[in-house]
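Notes to accompany the following structure.
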Amino acid sequence: MATHVITGAGGIGAAVARRLHERGDEVVLHARDAGRAKELAAALPGAKTLVGDLSDPGKLSWALSHQSLPDRVDSLLHIAGVVDLGPVGDLTPKTWLHQLSVNLVAPAELTRLLLPQLRVAQGQVIFVNSGSGLNAHAGWAAYGASKHGLKALADALRQEEHANGVRVTSVYPGRTASPMQAKVHQQEGKDYDPAKWIDPESVATTILMALDLPRDAEVNDLTVRPGR
């Protein structure tokens, strides 16, 4: 039975966690606090949880040291993310740091902390990035910078861990129907119609494809765009 550690429980993360759980794999859901961990465990009976605040990555090591970690990790899926739009002239350091912390530094730190277990399993790290990780647009500077950084993290990690048998994949979804997309539309001042965007299940399908690929190959980068 494979063990998967997943950050981000809304939208794409929820779809991936449910499908891995349904096929009998062990799912470990990352939560920001104990209350959220209780909610996630109730929503997916049998799943385990880890607690740590991604917005404060400097404390993740301390937080995980007080919890039971899996002996091996077959996949670490970084799906959590935050977005706050705004032109560069209006973005404060607090806004920059929050997005960089959650979207980039926390994934780097969580990967560092779980690398021994990933190496034991010759597992896989999947970074759910964004189209903004390839092309940044007006109003998306801070988010785009965090996602460009996430691509750099994945590219470097892939080269570093290849000899250890750890695969690294970046997935770049376009706009996906999710709580984050609803927030983006609110910030943009636009009406939100989830039917216009990618279904989280479709992104989950692409993630599972990369995860289940035979060991003679790996998917390095995978872009998923709205089909409508």
Side-chain angles (χ1 to χ4, degrees), residues 3-21 27-41 43-44 47-61 63-64 67 69 73 75-85 95-114 118 124-133 140 142-151 153-154 157 168-184 198 200-201 203-204 206-208 210-211 224:
T3 299
H4 311 276
V5 177
I6 305 172
T7 73
I12 296 170
V16 171
R18 177 183 53 77
R19 288 169 65 171
L20 290 172
H21 184 261
V27 175
V28 182
L29 303 173
H30 180 275
R32 62 180 175 271
D33 55 43
R36 181 58 175 155
K38 186 175 181 180
E39 292 175 1
L40 294 176
L44 205 64
K48 298 181 179 179
T49 59
L50 287 175
V51 176
D53 188 355
L54 298 181
S55 68
D56 193 357
K59 293 183 179 178
L60 285 175
S61 177
L64 295 190
Q67 301 172 71
L69 300 178
V73 173
S75 80
L76 171 58
L77 299 109
H78 296 288
I79 307 179
V82 295
V83 58
D84 285 296
L85 304 183
T95 302
W96 277 97
L97 290 171
H98 180 58
Q99 292 180 84
L100 289 168
S101 293
V102 175
N103 297 345
L104 174 58
V105 182
E109 175 64 354
L110 197 56
T111 300
R112 181 183 74 86
L113 295 171
L114 293 176
L118 284 160
Q124 186 160 351
V125 184
I126 295 185
F127 296 94
V128 176
N129 200 299
S130 165
S132 293
W140 292 75
Y143 181 77
S146 70
K147 292 298 188 176
H148 273 68
L150 193 66
K151 179 184 186 302
L153 167 62
L157 181 69
V168 179
T169 299
S170 288
V171 180
Y172 303 90
R175 295 202 179 206
T176 302
S178 66
M180 176 183 282
Q181 193 55 231
K183 179 181 178 181
V184 166
I198 304 171
E201 294 290 343
V203 182
T206 64
I207 291 172
L208 292 180
L211 194 60
V224 186

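One is the number of the first residue; the rest follow in order along the sequence.
To the nearest 0.5 Å, atoms CG (Leu54) and CD (Glu109) are separated by 11.0 Å. Here CG of Leu77 is found 8.5 Å from CG of Leu208. Values are rounded to the nearest 0.5 Å. Expressed to the nearest 0.5 Å, how far CG of Leu118 lies from OG1 of Thr3 amounts to 11.0 Å. Here OG1 of Thr169 is found 5.0 Å from CD1 of Ile126. Values are rounded to the nearest 0.5 Å. A distance of 12.0 Å separates CZ in Phe127 from CD1 in Ile79, rounded to the nearest 0.5 Å. The CZ atom of Arg19 lies 12.5 Å from the NE2 atom of His4; values are rounded to the nearest 0.5 Å.
In terms of heavy atoms, Leu150 sits closest to Leu104 at N-CD1, 3.6 Å. The heavy-atom pair separating Leu40 from Ala9 by the smallest distance is CD2-CB, 3.2 Å. Taking both residues in full, the closest heavy atoms of Gln99 and Val83 are given as OE1-CA, 3.5 Å, listed atom of the first, atom of the second, then distance. Annotation for Val73 and Ser75: closest pair CG1-O, 3.2 Å, computed over non-hydrogen atoms. When all heavy atoms of Gly81 and Asn103 are compared, the pair lying nearest together is CA-OD1, 3.2 Å. Shown here for Lys147 and Gly133, the closest heavy-atom pair between the two residues is CB-CA, 3.6 Å.
Judged by distance alone, with hydrogens and angles left aside, the side-chain atoms of His148 form a donor-acceptor pair with the main-chain N or O of Ser132 at under 3.5 Å.
At least one side-chain heavy atom of Glu39 sits under 4.5 Å from a side-chain heavy atom of Arg36. Annotation: side chain of Ile12 is in contact with side chain of Ile207 (closest heavy-atom distance under 4.5 Å). Inter-residue side-chain proximity for Gln67 and Val51 is flagged as met; some heavy-atom pair is nearer than 4.5 Å. Taking 4.5 Å as the limit, some side-chain heavy atom of Ile6 sits within range of a side-chain heavy atom of Leu20. The closest side-chain heavy-atom distance from Leu110 to Leu64 is below 4.5 Å. For the pair Leu60 and His30, the minimum side-chain heavy-atom distance is below 4.5 Å.
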For this session: Kindly indicate, with the supporting measurements, whether the criterion side chain to side chain contact (heavy atoms under 4.5 Å, CB included) is fulfilled by Leu85 and Trp140.
Result: CA-CA 5 Å; Leu85 304 183; Trp140 292 75; 3.4 Å; yes

